[in-house]
Structures are given as structure tokens and as C-alpha cells.
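Okay, here's the structure, questions in a sec.
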Amino acid sequence: MAVDGQNTRTMKTFCAMLIAEGVIPGNGEGFSMRYDDELLYPVATDGGIAIAACPMDGLDFAIPVWVKRHRDIHSRKKGVMVLIFSRLPNTLACAKAGINIPPLLDDFAQLVGVDAKSLERDSGKPSFAGTVIKGLALRNAVLIKDAGGLCAAGDFDDAHAVVQVLEKNCRAVVDMFFFGGGRPITWLDAWLMRLVYRYKYAKKKTPGENSGSGL
Amino acid sequence: MMSRDALYRLSMEQARELVVESGLRLVREGLVARTWGNISVRADEDSFFITPSGIAYERMRPEHIVRVFMTDLRHEGAVKPSSEKALHRAIYELKPTARAIIHTHQTAASSLSCAGKTLFTVSEEEKTTLGPSVRTAAYALPGTKKLARSAAAVIGDGNAVLLASHGAVCVGRDMDEAFRVSQVLEDLCERVVADAAARLSGKSQTTRESIYSLFIDQHTRRPADGC
């Protein structure tokens, strides 16, 4: 069901931005935003990208599988209002390598967490949403084997920032492979940075000043 | 001989406007995002003008730019300066000819900062712009005096320093030169990674795509069946 209104116009703008940056494919797949009891998601039409909506609860057999998966995560993971599945090249390379991502850069430690877990391929079973939610515990991103990185946050700006720092840190992981792996930030430093960042920026958050701490 | 004061050609208003314009340039050139990184310009001997803390570059106006004094890092006005002000002061103290500093989170340089290496410049352009080498400052938490000390300890005769696991600091006699330093540094870092990948793969040249292939292949290769 295509819908209209301020929220859909906003989402359309964000969707165009993510497509232009190469974060999501041209059909908009992998991007969803929750507004109250509805989940908005892009659909490709002959006229370009349109925004569709589905209720957060209840059965809806017409919605794509990836939207069902997002809806499960939105409804079960507190604080998540935006999900972006990033297919940026360094993120994808790390997802294909199937490795957990250590905090090589400090902005990753702040915005994503002490690491980003690498999960096996989506099994297609409903229980996979639970696996993703477990992987997102105290973190804002998780990698899924061969597919990309799922970034979660409380608003679009924060989710977009998570996409950016995940990609940058994944680039460092790829590059440091040729230099013996690089020196990750210690677990304690990473944890402290995340705590301080969340406390400091969440407090003063206003439009344009983002915390990156939606979870 | 030119007097020391004559070296400072910018009025306070011009300095503030230059920092705002340069912030937008930083975003436009992909060197930072959101409120990350910071910029300063030295407009007189006693102080420098630096970006504020926590305001996005797109929203920044000249009145947000903060004057910080060299002697004690005191600042004018109610707007809080960047938490990296000590880093900027440390470099201005070391380099009396420096008039502009940009602290970037540029991709290739940030990535290579995790190796903790010294990068030796090769081409004439690299030597002229960056100096003989670019060293990596030991890791320290952002905004700390330790980070300022680490960067100051390794910048030497160069115009750039990598901050381990964080980003880069680029210095110039004016803002254009600081931006030029950041661009040449980025190219140098790209080349160093490409060379390392070429050595490992045994090929003379690599592209980002071949780097990804090599990386994925090395991580997904199954160990050979053994006894």
C-alpha cells in the first residue's frame, strides 16, 4: 500500500540519498523507518521509488520478506526506529570474509560499539530476527555473511552515521590486513569511549547535533 | 625584513569567515562528516580561531567560531571551542609559520593510522607538501592532552601527522596549503596500501576491487586437507 504525507516525503528524500551514496540498491531494498505503529519502506515502481507502509503488528502476506525481517527487529529491539542495510564495498568485503569487526577507529567504538559481530547467512527462518537482535546487543551494527551490514539507530541521522563509520572501520580492517592486522583499540578504551559519547551527546542532542546512540 | 605582526594578514572577522567556509569545504571534499574533525586559523600571535564543539559544519556561522588564547587555552564568549584545542595550540607553538590547521577524518589516512607506521614520501610533490615523512602519533583518547603531546612529539619537520585510530592533522601556511597537505596525504596513504597489497599478491598493480578479492580470498580459503 503506497502512502503519502510528510513522513513519506522525508523518507523518500533519505532513500534517494542512500541510493546515491551506494548504501542501498536502486530499488530501495534494505531501508525502513518506523513511525508509531507503522513501518515505512521503499518499493520500486514504474515511476521510481514509492513509499509503502505496513502495520507493526498483524499479518500481512503481501509485504516482501526483507520487510518482515525488519519489522520483527523494529518491534523487538527497543529504541530502533531506523534500519539501513549497507552494501558499501568495504562493509560488503568484511561481510563476505565473515569476520567480527574489531574497533580499529575510535568513532566506530563510539557509534557502533566494542565490535560488530559477523552472523551467518540469513536462514530464512523467523528465528533469524532473534539472532540479529542478539548480535545488536549493546551495538548499533551487525554484519551478515555475504550480504552486508545492518545498521540500527533511533533516527535517520544516527543510522546514517553508523553506516559511515562502519564502512570506514571496515576499510581499515581491509587495509590493515596487509599490515599485520593493525592495532585495535582496547576493549576497555572502546567501552569507555562509547559510554562517554552516549552520555555526552545524547544529553545535548538537538536537530543537527546527533548522538549516534539510538540503541 | 617583514615584522612578525605583518605575517598575520587576517582580521578577526575574516578569520571567522575563513573557518566557516573551510568547514563546508571539509565536508564537500569528504574529509569529515557530521561534527567530526576541526579547523583553526591563527589570526594573531596570541590566539587562534577554532571551530566550536558539537555544531554541524552546515549550521556553523561566523559567530560560532571561538577565539582561543595561546597562553592558557582560555576562550572568548559562551560558545565552547573544539575539544581538540590543545592539539592545535601544541602545533602552533611548534611551528611559528603555521597559520591553518585542519584535523580530518579522511578515509585512507584514518585507515592507515591504525598501522602505527611512518610513511616516507617519495615524489617531489609529496616531499615538498608533506615533508620527508609522515609519522603516526601514539594512540590517546580524543580531546586529551596526551593526544596533543603525542602529535607534537612526532610532527617534526613535516606538515602532517597521523593520529592512531583517529585521523590526521594537516598544517599549512594558509588554509589552501593545509587542504593541499590533506589531499597529498590521502593520495600517499592510498598508494602505500596499494603497494602493500601488490607485494602480497605478487602483482605489479592493484585496484580496490583486487584488494577486496585478495582480502576475502585469504579469509575464506579452507585449510588444505592434511594428515
Side-chain angles (χ1 to χ4, degrees), chain A residues 21 89-99 102-111 118 145-146 157-158 160-161 163-165 167-186 189-190 192-193 196-197 200-201 203-212, chain B residues 30 32-37 52-60 80 83 105-117 136 138-143 147 163-167 189-190 192-201 206 208-209 211-221:
Chain A
E21 290 173 359
N90 291 285
T91 303
L92 190 55
C94 287
K96 286 183 176 176
I99 52 171
L104 285 177
L105 295 169
D106 50 18
D107 38 19
F108 174 91
Q110 291 170 338
L111 271 78
S118 183
K145 183 84 169 87
D146 295 332
D157 280 345
D158 287 350
H160 190 228
V163 168
Q164 288 175 313
V165 295
E167 172 66 3
K168 204 164 70 144
N169 198 87
C170 285
R171 160 136 192 179
V173 170
V174 171
D175 289 356
M176 286 308 101
F177 172 71
F178 304 101
F179 296 91
R183 298 177 188 168
I185 296 166
T186 64
D189 276 347
L192 277 174
M193 260 189 281
V196 170
Y197 187 82
K200 203 172 153 187
Y201 287 89
K203 247 191 357 181
K204 67 175 184 185
K205 189 169 177 183
T206 58
E209 296 169 347
N210 307 299
S211 71
Chain B
V32 294
R34 288 160 62 103
T35 64
W36 300 325
S53 174
I55 297 181
Y57 292 103
E58 294 86 348
R59 295 177 54 234
M60 216 174 272
K80 207 175 153 193
S83 59
H105 287 202
Q106 56 196 84
T107 315
S110 299
S111 174
L112 209 51
S113 76
C114 305
K117 289 196 171 301
T136 304
Y139 180 72
L141 290 169
L147 183 66
L163 306 175
S165 297
H166 188 82
C189 293
E190 294 273 12
V192 169
V193 172
D195 288 351
R199 273 196 301 278
L200 190 76
S201 64
T206 54
R208 270 323 279 182
E209 283 65 35
I211 287 174
Y212 297 141
S213 300
L214 197 58
F215 172 78
I216 295 163
D217 185 48
Q218 295 283 331
H219 280 94
T220 52
R221 187 183 293 164

Q) If you count heavy-atom pairs under 4.5 Å between each of A/Asp106, A/Leu105, A/Asp107 and chain B, which one has the most? A)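 Most pairs with chain B among the choices: A/Asp106.
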Q: Measure B/Ile211 against the heavy atoms of chain A and call it side chain, backbone, both or neither at under 4.5 Å.
A: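 Backbone plus side chain of B/Ile211, per the 4.5 Å heavy-atom cut-off to chain A.
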Q: Measure distances from A/Pro89 to the heavy atoms of chain B and classify the residue's part below 4.5 Å as side chain, backbone, both or neither.
A: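 For A/Pro89, the contact with chain B is made by backbone and side chain together.
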(Q) Run B/Tyr139 and B/His166 through ring-ring contact (aromatic ring centres under 6.0 Å, His included) and show every step you take. (A) CA-CA 8 Å; B/Tyr139 180 72; B/His166 188 82; 8.1 Å; no
**Q.** Short side-chain to backbone donor-acceptor contact, B/Glu190 and B/Ala108, under 3.5 Å
**A.**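 The answer is no, because no donor-acceptor pair under 3.5 Å joins these two groups.
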(Q) If I measure from the heavy atoms of chain A, does B/Ala194 come under 4.5 Å with its side chain, its backbone, both, or neither? (A)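 When you check distances to chain A, no heavy atom of B/Ala194 falls under 4.5 Å.
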Q. For atom CZ of B/Arg208, is the number of surrounding heavy atoms from other residues, nucleotides or ligands below 6.0 Å larger than 12?
A.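 Yes, enclosed.
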**Q.** Proximal component of A/Asn169, with respect to chain B [non-hydrogen, under 4.5 Å]
**A.**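 Contact with chain B involves no heavy atom of A/Asn169 at all.
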Q) Just wondering, more than 12 heavy atoms not from B/Lys117 lying within 6.0 Å of its NZ? A)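 No, because the 6.0 Å sphere around NZ of B/Lys117 holds 12 heavy atoms or fewer from other groups.
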Q) Tell me, side chain or backbone of A/Val165 under 4.5 Å from chain B's heavy atoms, or both, or neither? A)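 Contact with chain B: side chain only.
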**Q.** Segment of B/Arg199 engaging chain A (4.5 angstrom heavy-atom cut-off)
**A.**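 Neither part.
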Q: Using a strict 4.0 Å threshold on nitrogen-to-oxygen distance, state whether B/Asp217 and A/Lys96 make a salt bridge.
A: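 Not counted as a salt bridge, because no side-chain N and carboxylate O are separated by less than 4.0 Å.
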